[in-house]
Novice: 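Here you go, one structure.
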Number of protein chains: 2
Amino acid sequence: MNQRDIAKLAGVSSATVSRVINKDKKVSPKTAKKVLQVIKENGYVQNAMARNLRMANTKTIGYLVPDIKNPFFIAMLSGFQEMCFKQGYDIIFENTADDPEKEKKALDTLLRYRVAGLLAVFVDSDNEYIDVFGNMGIPVVMIDRKSKAVQKNDYLMIDNIGGVGQIVDYLVSLGHTDIAMIYGPQELTPGEERLEGFHRAMKKNGIPIKEEYLMPGLFTEEGGYHAVQKLLQLKNRPTAMIGGNNLTTMGAYKALVDYKINIPDEVSLAGFDDFPFAAHLQPPVTVIKRPNTNMGRVAAELLLERISKGEEGKDIQPRSIVMPTQLCIRKSCTQMKSLKTK
Amino acid sequence: MNQRDIAKLAGVSSATVSRVINKDKKVSPKTAKKVLQVIKENGYVQNAMARNLRMANTKTIGYLVPDIKNPFFIAMLSGFQEMCFKQGYDIIFENTADDPEKEKKALDTLLRYRVAGLLAVFVDSDNEYIDVFGNMGIPVVMIDRKSKAVQKNDYLMIDNIGGVGQIVDYLVSLGHTDIAMIYGPQELTPGEERLEGFHRAMKKNGIPIKEEYLMPGLFTEEGGYHAVQKLLQLKNRPTAMIGGNNLTTMGAYKALVDYKINIPDEVSLAGFDDFPFAAHLQPPVTVIKRPNTNMGRVAAELLLERISKGEEGKDIQPRSIVMPTQLCIRKSCTQMKSLKTK
DNA sequence: GTGAAAGCGCTAACAC
DNA sequence: GTGTTAGCGCTTTCAC
């Protein structure tokens, strides 16, 4: 069942059917009514492939992330999808599972489908495909992970350095100096920047960093757990610990619970990134919040703007936007006892 | 840049280019090599719209859910996506946000894109569009929410009744008889069945249900919280509470914490559906686990089977699959004190 | 092993 | 206000 079939049944030409479907004003109400009726009676549904082919564009946008299970990517998807839907764009979803091979395949698919734009958190951010999008005039917004491609595309990230600074300043204000940082992989931008932020903030506060308080946490729950185990074996334990990301903090919390270390009386705990149950734990965990859902919205805005401007959009310089973080104080950090008793 | 352009540059016909791209054996290695090279040099990317139009099929599958933020739909997506990817299918993602209007629009899009199949958790499960998929030969797998359409399509759900039975039996085995059920909306299949399951299990155990222990929880966190507030005001408080779904249980837990009710010494708490931090709370919460990710895989199998069989697939009768649940005992339920002291 | 040509379903320029 | 027609980029039959 196609437009020609409908045309025959309605006694008009296929061009008229097309006009009716696309709400072209230049069709008499009577003809339109007739056509619409025939369409309904026969359950005709427009063929998007033929339309897109003819129009040489699509109303689809690619969403590519490395891990669908990470709460952050979900929250972002939610904001992103909401904005895209409003503008009539649908989303082709790709999960790379942190595998560069899958990423390549996914990008190829997106390219073949001629998506109108792409939101991506790349695994292999120096991927050869990224430039292909540019060459084909498809705008890309990159999230979180920096690379050479940032010079050519819009880039959205959060203020990792400032965020860690907020935690450190807070802990220092409570009198802590023995602060441990459970950091993430240094080849990932967030891992690198948050550790850098720790160094800077400690320096700013004039506090020397103890090497043994710098503990890798791999940005995983297990990593955070093991990091705490090691930290607890130290002769001089830190009085405060910072989780490098949500999973790390969750693992750290669990370890402290398992080893029956009282939070915050024996050790203060704070984390980068909020997580679903953080506010309901005992004690509720103090964290740096980032605007997850909103980040998806902003990304959509950047992308949709470029898409709607078409060729002109290329004149817009690549934008790098750094979104602010927010310290959310709950009850997992406390004043140093030594200070209290002074 | 299309196949014709490549053909010219390589000094062959567009038919040959097509054959090379589709790995047709009947092309001399020499020609193939030449063509491949020209393709690479010019950054040619196949046009999926043209291909799909010509082939009259697509390698895309629709995934439609009412709430992207629900951990369950994410976990399911993860398993579903994994299976589909293996078979070369990509996913067009639709979020209806529990809005029938958005659902209609989303289904229309999916139809226009001629998806090869659809996985859907419908809001309006008596939607007129569902039949259109059937009429167009597009297989549909429905999840969780029953409707008339179940008679025509594959349907996947979990054993809600049996699951609640497992909790009740467990609580009864601990000596509880004053058990409260915080149930969900009765117009949703899971809400209805879990309450039904509660009735049946209590009857089976020969325990009369106290009306005031049946509390609506709306399947939301707030609902669970309020339900517990009301339960605590009762003259004769229940000794055990069951959360109707993950959100309800989370809210219930939070309320008990806020009101300083000791779990499990003052009240035992168990829930339907696991949730991310359940195992790390103090105490860890006993729940009914459902095979979330696996459910996505099974759904994919049902769908991919029908897709691959094409017309023949229609001969397969609609299947209703009920997946088993599993009781995961943690530490939020305890033996009744009266029994202990006996 | 390769090429010519038709046609998938649609839209839009042009003619009336 | 409506019809005729070309062509978007691809695959595939049929020749050779």
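Everything numeric in this text was worked out from a predicted model, so none of it was measured. Order of the sequence lines sets the chain letters (A, B, ...), proteins ahead of strands, with each chain counted from 1. Note that these values count all heavy atoms, side chains included, but never hydrogens, waters or copies made by symmetry.
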Novice: Both A/Ala48 and B/Ala32 contact DNA chain C. Which one's nearest nucleotide lies toward the 5' end?
Specialist: B/Ala32
Novice: Which heavy atom of A/Pro291 sits nearest to which heavy atom of A/Met323, and what is that distance?
Specialist: CG-CE, 3.9 Å
Novice: Among D/dT5, C/dG7, D/dG1, which nucleotide has an atom closest to any side-chain atom of A/Lys26?
Specialist: D/dG1
Novice: Would you indicate, yes or no, if D/dT11 has its OP1 or OP2 atom less than 4.0 angstrom from a side-chain nitrogen or oxygen of B/Gln3?
Specialist: yes
Novice: Figure out the NZ/P separation between B/Lys8 and C/dG3, and round it to whole Å.
Specialist: 14 Å
Novice: Rounded to whole angstrom units, what separation is found between the CG atom of A/Asn57 and the P atom of C/dT11?
Specialist: 11 Å
Novice: Which of the following nucleotides, C/dG1, C/dG3, C/dT11, is nearest to the side chain of B/Ser28?
Specialist: C/dG1
Novice: Output the single nucleotide from C/dG3, C/dC14, D/dG9 whose closest atom is nearest the side chain of B/Val12.
Specialist: C/dG3
Novice: Between the main-chain N or O of B/Lys69 and the side-chain N or O of B/Asp67, is there a donor-acceptor pair closer than 3.5 Å?
Specialist: yes
Novice: Quickly work out the B/Asn47 CG to C/dC8 P distance and round it to whole Å.
Specialist: 18 Å
Novice: Taking only the side-chain nitrogens and oxygens of A/Asn22, find out if one of them lies under 4.0 Å from OP1 or OP2 of C/dT11.
Specialist: yes
Novice: Among the nucleotides D/dC8, C/dA12, C/dC10, which one has an atom lying closest to any side-chain atom of A/Ala15?
Specialist: C/dA12
Novice: Can you tell me which nucleotide in D/dC10, D/dG9, D/dG3 comes closest to the side chain of A/Leu53?
Specialist: D/dG9
Novice: Without decimals, in angstroms, what is the distance between A/Asn52 CG and D/dG7 C1'?
Specialist: 16 Å
Novice: Show your reasoning for whether side-chain contact (heavy atoms from CB on, under 4.5 Å) applies to A/Tyr89 and A/Leu303.
Specialist: CA-CA 11 Å; A/Tyr89 284 88; A/Leu303 208 49; over 6 Å; no
Novice: Can you tell me if the side-chain N/O atoms of A/Asn2 get under 4.0 Å from OP1 or OP2 in C/dG9?
Specialist: yes
Novice: Pick base, sugar-phosphate or nothing for A/Ser18, based on heavy-atom distances below 4.0 Å to the nucleic acid.
Specialist: base
Novice: Just by distance, with hydrogens left out, do B/Asn52 and A/Arg112 show a side-chain donor and acceptor under 3.5 Å apart?
Specialist: no
Novice: Under the 6.0 Å and 45° cation-pi test, does B/Arg290 pair with B/Phe72?
Specialist: yes
Novice: What integer distance in Å separates A/Met49:CE from D/dT11:P?
Specialist: 14 Å
Novice: In whole Å, I'd like the distance from the CZ atom of B/Arg19 to the C1' atom of C/dG3.
Specialist: 8 Å
Novice: C/dT11 P sits how many Å from A/Ile6 CD1, rounded?
Specialist: 13 Å
Novice: For C/dT2, does either OP1 or OP2 sit under 4.0 Å from a side-chain N or O belonging to B/Thr31?
Specialist: yes
Novice: Select one nucleotide: of C/dT11, D/dG9, D/dT2, the one nearest the side-chain heavy atoms of A/Met55.
Specialist: C/dT11
Novice: Starting at CZ of A/Arg4 and ending at P of D/dT4, how long is that distance when rounded to a whole Å?
Specialist: 13 Å
